[in-house]
Visitor: 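One structure follows; several queries about it will come next.
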Amino acid sequence: MKELRIENILVGHTIGAIKKLYEQSVSPNQITLQKTRPEFEGDITLLVFPLTKASKKSPEETANAIGNYLKENVSEVTVYNVVKGFLNLVIDDSYWTNYLLNSESRPESFRDQNSELKEETVMVEFSSPNTNKPLHLGHIRNNLLGASISEILKAARKKVIRVNLVNDRGIHICKSMLAWQKWGNGETPSSNGMKGDHLVGKYYVEFDKHFKSQVSSLKSQGTADEEAEKNAPLIKEVQEMLRKWEAGDKEIIDLWKMMNGWVYYGFAITYKELGVEFEKTYYESETYLLGKKIVDEGLSKGVFFKKDDGSVWIDLTKDGLDEKLILRSDGTSVYITQDLGTLMQRLQDFKDDKINKLIYVVGNEQEYHFKVLFLITKKLIQQNVAGFGSLSFGESGERGGGASLFHLSYGMVDLPSGKMKSREGTVVDADELMDEMINTARETTKALGKTDGMNEAEAEKLYHNIGLGALKYFILKVDPKKRMLFDPKESIDFNGNTGPFIQYTYARIQSVLRKAEEAKLKGTSEKSKIEIHKKEKEVIKLLHDFPSVIKEAAEAYSPAYIANYVYELAKEYNQFYHEFQILKAEKEAEKNFRIMLSAKTAEVLKSSLKLLGITAPERM
RNA sequence: GGUCUCGUAGCUCAAUUGGAUAGAGCAUCUGACUACGAAUCAGAAGGUUAAAGGUUCGACUCCUUUCGAGAUCACCA
């Protein structure tokens with residue numbers, strides 16, 4: 001059953017007021033409502049400035065007239081006041097208490113409450129690791145964003161398909177392979193106990209070390225910089241290895257399969273630790289050939305053109321860009337070729353799901369790449385290449401506007417020393433960072449003596465939840481578009497605006513609720529009997545905001561909206577908790593009402609945390 | 001050099017997309033546990049929103065210029 005929300009009621013009646021009072025019609029988007037600032041009396045404020053065009057009266061006069069109309073016609077509006085062009089409306093307590101009694105707070109329930117949201121199928125690509133090195137902090141941001149946005153979209157009535165794209169082939173993969181072949185002495189993850197992805201990463205660094213020393217010795221013999229980098233024996237060897245790989249050389253393929261196997265085993269552990277899952281994983285090695293087919297067809301239909309050396313290009317000069325390479329002169333594919341193949345593969349695989357939107361969660365360093373990819377897709381659709389013409393995919397990377405391919409471009413995670421670079425060893429390793437967080441959680445929890453009555457397994461699970469809660473919140477609370485700074489020397493906090501703060505608030509409420517149950521208090525309330533206090537109303541108002549916060553977060557693709565909201569709610573509740581007694585309240589009705597308020601708050605805290613991929617512990 | 005982002009308290013981040021006196025946390029200082037859980041709460045201090053113009057009822061937000069930081073412009077991914 002859908003409740004009519006007060007905002008909708010007010011918008012409707014404000015339009016009515018303008019019509020009645022000034023014989024003008026205004027559209028709903030001209031009506032702006034906002035929360036009343038705490039220093040003024042009221043719950044909701046209507047901005048009348050935009051309406052003075054219709055009224056042709058001063059803001060104050062207009063505000064008073066509308067205020068009067070709303071008070072007469074909307075039973076929920078009890079009192080109003082006007083400050084400059086701001087019309088502050090007081091909403092009757094019964095509206096808030098009714099909301100509290102009737103609301104449902106599981107994210108799934110908002111699928112119904114947010115009924116104006118469109119139901120559609122969205123594919124979200126994220127993670128997208130390379131198999132030549134372990135995951136680092138940058139990948140963590142990517143994974144957490146992808147996972148969280150998927151949850152948020154689900155709560156906003158979308159059907160979500162999460163996909164990973166593993167970059168498992170190419171020259172960089174061969175570098176690790178060659179280095180292992182030369183200097184590995186048959187070392188394996190089981191022989192030295194190293195996690196597979198870390199072992200392979202070690203040889204990627206090893207390659208670079210030897211390569212650099214070859215380059216510098218060539219340079220000291222008088223070779224020019226560029227020449228040295230092209231002619232170093234190691235680079236020649238690795239190129240030869242890639243050719244053999246593409247030719248299907250058994251020895252090389254076996255080596256590749258073995259080492260990638262190590263990496264996948266390592267990744268699986270990291271993903272499990274992070275709590276990230278996918279409906280399907282794609283491998284570049286399985287889609288790049290399909291990309292080449294698209295290029296062939298595009299060539300014959302005039303989307304692409306061939307240069308004398310055999311390389312294939314697209315001319316994007318009319319679109320304000322450049323000529324862009326699609327296929328190398330030796331016929332091997334590049335990144336963008338593979339992306340086209342993967343796109344087509346996905347559309348085929350999920351034909352029955354009728355995908356409306358595909359979101360690529362990829363860093364902002366690749367904005368140019370996606371601009372090009374989307375433009376190429378548009379041209380392929382126009383020429384009906386590879387069946388693209390029958391699809392509804394658009395070209396736009398712009399937010400909104402019904403665009404079907406969207407690059408969710410997020411900012412880099414920087415260290416105080418600047419950008420992270422794998423080869424230079426200036427990365428914050430994902431596994432190490434998670435371990436550190438869990439250790440800190442373990443130490444802090446023990447120091448606070450919170451493990452009483454827990455067995456070892458429960459305690460370990462708790463440390464994991466808190467450590468990862470801190471890490472996830474730390475990363476997700478920042479606007480995805482903005483770059484963020486991480487200082488490894490300063491450990492992530494557990495106090496203040498943090499994940500554990502919210503988890504603690506939840507656990508504390510659970511403790512109260514357990515005691516309430518022991519005391520056989522039901523937590524229901526006859527709303528009319530009690531007077532609600534300001535702080536209680538503030539909490540209810542925040543609970544009331546939850547559905548619209550989900551909607552906004554989904555539209556902006558921003559988990560930060562959820563993080564900011566849930567922090568606000570936890571803070572507000574804690575203030576209430578300190579100010580009022582719950583189980584020891586004077587009147588029975590107050591007790592029940594406050595238990596109810598606490599229980600609902602806990603539900604929303606848990607639901608919000610879930611949207612961020614964070615677990616709410618029952619005790620901590 | 002072309003294109004694109006960004007610049008808010010000492011530090012890390014907010015500001016409902018143009019709305020009221022720019023808010024939080026950390027760090028610093030002060031106070032509150034014999035209490036339904038102190039990973040909490042209350043308070044103090046901290047700002048010419050990089051700078052200068054402009055647009056309008058109203059600008060951290062939009063436009064122009066300057067300064068500063070970063071990304072990108074590969075037969076890399």
Side-chain angles (χ1 to χ4, degrees), chain A residues 32-37 39-40 45 47 49-50 52 58-59 83-86 88 128 130 132 167 170-172 284 307 309-313 320-322 324-330 332 334-336 338-339 363-369 371 409 411-412 414 418-419 441 444-445 447-448 450 466 470 474 477-479 481-487 490 492-505 507-516 519 545 548-549 552 556 560-561 563-565 567-568 570-571 574-575 577-585 591 594-595 598 619-620:
Chain A
T32 27
L33 296 171
Q34 60 185 45
K35 296 182 140 190
T36 305
R37 302 208 119 210
E39 59 266 37
F40 301 101
T45 295
L47 298 189
F49 297 106
T52 51
S58 75
V83 182
K84 293 194 271 180
F86 299 89
N88 301 321
S128 315
N130 291 355
N132 61 339
N167 178 238
I171 197 94
H172 51 298
E284 188 194 322
K307 288 194 177 174
D309 63 0
S311 55
V312 177
W313 298 72
L321 302 176
D322 226 326
K324 189 80 190 167
L325 180 90
I326 304 294
L327 216 55
R328 294 193 189 99
S329 53
D330 65 0
T332 56
V334 290
Y335 188 34
I336 211 150
Q338 168 274 124
D339 260 342
N364 63 12
E365 56 192 353
Q366 295 193 32
E367 274 170 10
Y368 181 74
H369 168 77
K371 208 178 263 183
S409 170
M412 300 287 101
D414 289 325
K419 209 185 165 186
T444 310
T445 307
L448 290 169
K450 303 263 181 160
I466 297 174
F474 177 83
K477 77 170 181 185
V478 181
D479 180 347
K481 291 192 296 295
K482 293 192 179 173
R483 55 183 268 249
M484 62 179 291
L485 192 82
F486 177 81
D487 189 346
E490 288 180 30
I492 294 176
D493 244 297
F494 281 37
N495 298 321
N497 187 358
T498 67
F501 169 86
I502 297 153
Q503 290 173 312
Y504 172 78
T505 307
R508 180 197 239 177
I509 294 175
Q510 292 312 305
S511 171
V512 173
L513 294 179
R514 279 191 296 270
K515 295 217 159 93
D545 284 342
S548 56
V549 171
E552 282 158 18
Y561 283 38
N564 292 334
Y565 166 78
Y567 171 65
E568 194 62 36
K571 202 169 65 156
N574 280 328
Q575 288 168 4
Y577 181 90
H578 274 263
E579 202 175 320
F580 296 97
Q581 305 259 305
I582 300 168
L583 302 177
K584 294 175 184 167
K591 275 187 205 174
R594 288 175 191 164
I595 289 167
S598 301
R619 50 188 98 209
M620 66 184 275

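Letters go in sequence order (proteins before strands), and every chain restarts at 1.
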Visitor: Would you measure the distance from the P atom in B/rA39 across to the matching atom in B/rC33 and give it in whole Å?
Guide: 15 Å

Visitor: Looking only at side chains, do A/Tyr335 and A/Gln366 share a donor and an acceptor under 3.5 Å apart?
Guide: yes

Visitor: Is the glycosidic angle of B/rU17 within 90° of 0, making it syn, or outside that range, making it anti?
Guide: syn

Visitor: Report the distance from atom CD of A/Gln575 to atom P of B/rG43, rounded to the nearest whole Å.
Guide: 8 Å

Visitor: Sequence neighbours excluded, which residues qualify as salt bridge (charged side-chain N to carboxylate O under 4.0 Å, His left out) partners of A/Lys84?
Guide: none

Visitor: If only side-chain N and O atoms of A/Gln338 are considered, is one of them under 4.0 Å from the OP1 or OP2 phosphate oxygen of B/rA77?
Guide: no

Visitor: Is a side-chain donor or acceptor of A/Arg594 paired with a backbone partner of A/Gln581 at a separation under 3.5 angstrom?
Guide: yes

Visitor: Atom pairs, N/O to N/O, protein against nucleotides 23-26 of chain B, distance under 3.5 Å?
Guide:
unit_1	atom_1	unit_2	atom_2	d
B/rA24	O2'	A/Tyr567	OH	2.9
B/rG25	O2'	A/Asn497	N	3.3

Visitor: How would you label the contact of A/Tyr368 with the nucleic acid (heavy atoms, under 4.0 Å): base, sugar-phosphate, or nothing?
Guide: sugar-phosphate

Visitor: Let me check I have this right: for RNA chain B, each base becomes ., (, ), [, ] or |, based on Watson-Crick or G-U pairs with both distances under 3.5 Å. What is the full string?
Guide: (((((((..((((.....[...)))).(((((.......))))).....(((((..]....))))))))))))....

Visitor: Among the candidates B/rA39, B/rC41, B/rU17, find the nucleotide nearest to the side-chain atoms of A/His578.
Guide: B/rC41

Visitor: With distance as the sole criterion, do the side chain of A/Thr505 and the base of B/rA39 form a donor-acceptor contact below 3.5 Å?
Guide: no

Visitor: A/Arg514: what forms a salt bridge (charged side-chain N to carboxylate O under 4.0 Å, His left out) with it, not counting sequence neighbours?
Guide: none

Visitor: Counting the atoms with a prime plus P, OP1 and OP2 as sugar-phosphate, which does A/Glu284 contact under 4.0 Å by heavy atoms, base, sugar-phosphate, or nothing?
Guide: sugar-phosphate

Visitor: What does A/Leu327 touch in the nucleic acid at a heavy-atom separation under 4.0 angstrom: a base, only the sugar-phosphate, or nothing?
Guide: nothing

Visitor: Examine the base of B/rA42 for any acceptor or donor lying under 3.5 Å from a partner atom in the side chain of A/Asn574, and report the outcome as yes or no.
Guide: no

Visitor: In this structure, how many angstroms lie between the P atom of B/rC73 and the CD atom of A/Glu365, rounded?
Guide: 10 Å

Visitor: Between A/Arg514 and A/Lys324, just flag the one whose closest nucleotide in RNA chain B comes earlier from the 5' side.
Guide: A/Arg514

Visitor: Run the side-chain contact (heavy atoms from CB on, under 4.5 Å) test against A/Asp414 and tell me which residues pass, sequence neighbours left out.
Guide: A/Met412, A/Lys419, A/Arg483, A/Leu485

Visitor: Quick one: ring pair (Phe, Tyr, Trp, His ring centres under 6.0 Å) partners of A/Phe40, sequence neighbours excluded?
Guide: none

Visitor: Can you list everything that forms a ring pair (Phe, Tyr, Trp, His ring centres under 6.0 Å) with A/His172? Sequence neighbours excluded, please.
Guide: none

Visitor: Applying a 4.0 Å non-hydrogen cut-off, can you work out what A/Asp339 is touching in the nucleic acid: base, sugar-phosphate, or nothing?
Guide: nothing

Visitor: Could you tell me which residues satisfy salt bridge (charged side-chain N to carboxylate O under 4.0 Å, His left out) with A/Lys515, sequence neighbours excluded, listed by chain and number?
Guide: none

Visitor: Is there a stack between A/Phe86 and B/rA20, judged by ring centres under 5.5 Å and planes under 30°?
Guide: yes

Visitor: Using a 4.0 Å heavy-atom cut-off across all strands, classify A/Phe494 as base, sugar-phosphate, or nothing.
Guide: base

Visitor: Could you go over nucleotides 7-12 of chain B and give all protein N or O partners under 3.5 Å, atom names and distances?
Guide:
none

Visitor: Report yes if at least one side-chain N or O of A/Tyr335 is closer than 4.0 Å to OP1 or OP2 of B/rA77; otherwise report no.
Guide: no

Visitor: Is there a donor-acceptor contact under 3.5 Å from the side chain of A/Thr445 to the main chain of A/Ala441?
Guide: yes

Visitor: For A/Phe501, enumerate each residue passing the ring pair (Phe, Tyr, Trp, His ring centres under 6.0 Å) test, keeping only those at least two apart in sequence or located in another chain.
Guide: A/Tyr567

Visitor: How would you label the contact of A/Asp479 with the nucleic acid (heavy atoms, under 4.0 Å): base, sugar-phosphate, or nothing?
Guide: sugar-phosphate

Visitor: May I ask you to say what A/Gln581 touches in the nucleic acid, namely base, sugar-phosphate or nothing, with a heavy-atom cut-off under 4.0 Å?
Guide: base

Visitor: Anything under 3.5 Å between a protein N or O and an N or O of nucleotides 54-59 of chain B, put it in a table, one pair a line.
Guide:
none

Visitor: Restricting to salt bridge (charged side-chain N to carboxylate O under 4.0 Å, His left out), what partner residues turn up for A/Asp493, sequence neighbours left out?
Guide: none

Visitor: Taking only side-chain nitrogens and oxygens of A/Arg483, does any of them come within less than 4.0 Å of OP1 or OP2 of B/rC13?
Guide: no

